[in-house]
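Each remark here refers to the structure printed beneath this line.
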Amino acid sequence: MSEERTSLAGVGATPRSGVGTAVRYAPDDALDLDDATSADVDPETERDRYEAAVEGAKADLERERERTAAEVGEQEAAVFDAHVKFLEDPQITDAVEEAIEDGHGAEHAVRNAFEDPIEQFEGMDGRMGERADDLRDVRDRLLRELLGTERTGLAELDPGSVVVAERLTPSDTARLDPDDIVGIATAEGGRTSHAAIIARSLAIPAVVGVGDALAAVEDGDRVLVDGEDGELVVDPDAERVAAAERDDAADVRRGPVTTTDGRAVEVAANVGGPDELAVAVERGADGVGLYRTEFLFLDRDEPPTEEEQYKAFVDALDAFEGGRVVVRTFDVGGDKSIPYLDVPEGDNPFLGVRGVRLALGSARDLFETQLRALLRAAATEHGDALAVMFPLVATVEELTAALDAVESVAAALDDEGVEHAVPELGVMVETPAAVMNAAELADRVDFLSVGTNDLAQYVQAAARDDDHVADLHDPRYPAVLRAIARTVEAARDADAWVGMCGEMAGVPENAELLVGLGLDELSASAVTVPAVKERVVETTYGDAETLAERARSAETRREVTELVEP
Ligand code: PEP
Ligand code: MG
């Protein structure tokens with residue numbers, strides 16, 4: 001294609017631009033099976049091979065999950081739990097076993113067993129349709145185990161590569177090194193496919209859903225990936241490249257932003273550890289809206305010490321030099337397990353011991369250690385900017401117990417003569433109970449922060465890691481929206497500030513609605529901060545309030561979506 005300058009339209013998945021060399025990636029090539037029937041296979045041997053492949057795939061997924069949790073994010077890692085569930089899905093396992101019984105080799109049995117479910121998902125709209133990619137990912141993992149082939153080397157691409165592929169699976173994407181890969185372009189996929197979510201977390205410019213036209217892009221073509229406008233330009237001219245580079249840098253707004261009529265909205269970043277602070281600063285975040293401290297506990301054999309945590313918190317405060325840093329006390333349990341912690345296991349971890357329940361229960365010692373580190377950090381140079389919040393609060397009793405713990409830790413530090421201060425304190429609103437108790441909770445703290453990832457899961461009764469109900473797990477459903485509105489009102493009535501740190505806050509199209517609902521702070525993955533800030537400065541608060549009012553009386557998700565994305 002190289003002679004001609006071509007622009008291909010797609011969907012922007014990561015709002016950044018990158019220019020580099022196209023590398024075509026075809027993950028399935030090595031997995032092509034010939035169509036020969038295999039009547040002389042021994043079913044028992046094939047069954048054993050299949051079972052071994054499933055075990056191998058599970059072990060591999062567990063490693064992938066850990067790596068993604070550490071390098072990308074816990075939420076992004078949850079996709080691999082869903083993959084384990086696909087491996088165990090009776091529709092698939094029964095079909096494989098039947099095919100083996102009928103005399104097929106394990107490879108053919110696997111390939112055939114996945115055909116129907118993949119087709120079923122492909123026929124569905126939106127997020128459900130995108131689950132077909134996840135199924136292909138699981139199928140190919142099993143085939144690789146059976147064939148003994150290695151995954152094509154996406155981890156070893158040359159610096160400056162733009163990966164061009166029909167589709168990327170979540171594990172392909174999680175493997176990309178953001179230092180080397182300057183862009184991604186895929187023919188298939190949507191903004192909410194797992195690969196797109198992972199690309200966003202890694203801040204890799206990405207355009208997905210380009211369609212058949214992408215086939216014309218050849219290995220070695222110079223391409224520009226414009227993830228803001230959803231465009232892929234082949235052989236871009238110098239002016240276009242310079243404009244993209246300028247935009248990427250100019251997009252970053254430093255300092256506080258306001259709406260056109262002067263309402264201040266803080267736009268902060270969600271971080272999972274010290275490594276992510278620099279990116280958050282670079283992307284112009286005003287501070288940290290959610291520091292997921294449980295990540296400090298991952299990938300090690302014992303909990304971090306008070307000193308380690310103190311240093312991590314002081315580093316965050318110093319990185320933002322007075323910009324607010326909201327630290328969440330560890331939220332372990334649910335889908336986040338830490339092997340060396342003794343978390344009571346129930347049948348349904350999302351409804352079991354997690355968050356503040358664990359902190360006030362068997363992990364009380366660790367909770368107090370973390371509070372010591374926090375109270376000490378609050379007394380350092382930028383310590384005034386520290387805020388601390390508790391996850392998964394449902395009852396006033398839990399909040400009272402957590403606040404009592406802060407008081408007793410402060411008293412102990414006093415007795416020891418250790419310098420400390422009590423930071424702003426807040427509650428994460430992520431359970432329906434917290435919404436119903438929002439007034440009473442807000443009365444007792446300085447702020448509330450809405451965690452829409454969990455709130456949507458509990459309000460909609462749709463597990464956040466279950467792809468079968470992914471479509472229901474959407475904060476644009478009126479029930480979730482009304483829960484958010486109610487929380488904001490309760491906070492305002494109690495003179496507490498109110499933020500949002502769930503994924504909903506990181507979708508730029510939601511910004512006007514959220515500002516209109518009255519949120520004071522929006523916190524999202526660092527890469528989306530510039531796009532969210534951009535939306536805030538384009539918003540007029542008066543109009544946003546009208547929009548929010550209309551959204552509150554919407555009866556369906558479709559109506560809400562039509563309002564925010566007209
Ligand atoms: C949330 O639930 O929206 C949230 C921000 O917390 P996490 O995703 O870490 O559970
Ligand atoms: Mg949560």
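One-based numbering, in listed order, for ligands and for the atoms of each. Counting from 1, the numbers follow the sequence of the chain as shown. Because only heavy atoms are used, hydrogens play no part in the values below, and waters and symmetry mates are left out as well, while side chains stay in.
Residue contact check: T452 has heavy atoms under 4.0 Å from atoms 3 (O) of ligand 1. Near M428, with a cut-off below 4.0 Å to any heavy atom, the atoms of ligand 1 are 4 (C), 5 (C), 6 (O). Atoms of ligand 1 lying under 4.0 Å from at least one heavy atom of C501, given by number and element, are 5 (C). In the vicinity of L290, heavy-atom distances shorter than 4.0 Å reach the ligand 1 atoms 5 (C).
Note on ring orientation: taking the six-membered ring where Trp is involved, the planes of F86 and H83 are tilted (angle from 30° to 60°). In this structure, F330 and F297 have tilted ring planes: the angle between them lies in the 30° to 60° band.
Looking at D454, its N, O or S atom nearest to the Mg ion (ligand 2) turns out to be OD2. E430 contributes OE1 as its N, O or S atom closest to the Mg ion (ligand 2).
E534 and R253 are joined by a salt bridge, as a carboxylate oxygen and a charged side-chain nitrogen come within less than 4.0 angstrom of each other. Using a 4.0 Å cut-off between a side-chain N of Lys or Arg and a carboxylate O of Asp or Glu, R444 and E440 do not qualify as a salt bridge.
For R328, the closest heavy-atom approach to ligand 1 falls below 4.0 Å.
At a heavy-atom distance under 4.0 Å, no atom of N270 approaches ligand 1. Counting heavy atoms under 4.0 Å from ligand 1, residue R464 touches it through the side chain alone. Residue-level proximity to ligand 1 for E503 is absent, since no heavy atom of it falls below 4.0 angstrom.
With a 6.0 Å cutoff to the six-membered ring centre and a 45° limit on the axis angle, R324 counts as a cation-pi contact of W497.
No donor-acceptor pair under 3.5 Å is formed between the side chain of E512 and the backbone N or O of T539.
Checked by atom type, the side-chain pair Q370/T293 shows a donor-acceptor distance below 3.5 Å.
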